[in-house]
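The structure appears below as structure tokens.
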Amino acid sequence: MGETVHRPLQGSACEALEAFLGHWTGTTHWESTAWGPARSADTEIIFSPAAAGRAVTQSYRHTDADGTRSEGHGVFTTDPDHPETLWYHVNSLGLPPEAPARASMEGDTLTVERRSDRGTARHTFRVDDGELTHAASLRLGPASDFTTLMTTVCRRVAEGAAVPA
């Protein structure tokens, strides 16, 4: 079996993330944590080209069974001085936006690690057989292992669409 190759994303963000472009719907499942019980929500995600293909915007919305919504927005763009893609991200949880995280590809999986004083969040995005999977795990404080926080699984409903209102 060959060695796993970690490689930075090359070219424009739109070229590098072409498999993600489009409108996706599915379900997000959160694991039980200190912040709340396990739960699931309907999910809508849209990845769209922006800035003449130099960036990809990501918009998502989770709608719980009781109608409660949470949302977030991201921008993936390439760093012209380094062969890397950056992810700028903000969400409705109320925390201030953080510095951009650096992304890399391992096989067909986009991996982003966001680090803060609280710990590290690892996000993986993958499209396989028409299914988009976004998983997030956390490593808090001095912990050595990541713990799964949430997993989203979606199917594409359109190649391109407007950002959800």
Distance, nearest 0.5 Å, that separates [atom1] of [X] from [atom2] of [Y]:
X      : Y      : atom1 : atom2 : result
Ile46  : Arg156 : CD1   : CZ    : 12.0 Å
Thr124 : Leu110 : OG1   : CG    : 8.5 Å
Leu132 : His23  : CG    : NE2   : 11.5 Å
Leu138 : Glu31  : CG    : CD    : 11.0 Å
Arg139 : Glu113 : CZ    : CD    : 6.5 Å

Are any of the side-chain heavy atoms of [X] and [Y] separated by less than 4.5 Å?
X      : Y      : result
Thr148 : Phe146 : no
Arg155 : Glu131 : yes
Trp87  : Gln58  : yes
Thr57  : Phe76  : no
Phe125 : Ile45  : no
Arg122 : Val112 : no

Determine whether a donor-acceptor pair (N or O, by modelled atom type, separation under 3.5 Å) exists between the side chain of [X] and the backbone of [Y].
X     : Y     : result
Thr25 : Glu44 : no
Asp64 : Asp66 : no
Thr77 : Arg54 : yes

Can you see which heavy atom on [X] is nearest to which on [Y], and at what distance?
X      : Y      : answer
Ser92  : Ser70  : OG-CA, 3.4 Å
His73  : Tyr60  : N-CE2, 4.2 Å
Val127 : Ala19  : CG2-O, 3.6 Å
Ser48  : Leu21  : C-CD2, 3.9 Å
Gly26  : Cys154 : N-SG, 3.6 Å

Modelled atom types, side-chain donor and acceptor of Thr43 and Thr28, under 3.5 Å: yes
Looking only at side chains, do His29 and Thr151 share a donor and an acceptor under 3.5 Å apart? no
Mind running ring-ring contact (aromatic ring centres under 6.0 Å, His included) on His123 and His134 for me, showing each step along the way? CA-CA 7 Å; His123 296 264; His134 170 203; 5.1 Å; yes
If two hydrophobic side chains count as joined below 4.5 Å and joins carry through other members, does [X] share a cluster with [Y]?
X      : Y      : answer
Val75  : Phe47  : no
Leu17  : Trp24  : yes
Leu140 : Met150 : yes

Which residues share a side-chain contact (heavy atoms from CB on, under 4.5 Å) with Ala65, sequence neighbours left out: none
For Thr152 and Thr27: C-alpha separation, side-chain torsions, deciding distance, then whether side-chain contact (heavy atoms from CB on, under 4.5 Å) applies. CA-CA 6 Å; Thr152 298; Thr27 303; over 6 Å; no
Kindly determine whether Thr109 and Arg126 satisfy side chain to side chain donor-acceptor pair (under 3.5 Å), including the steps that lead there. CA-CA 5 Å; Thr109 301; Arg126 180 181 180 86; 3.0 Å; yes
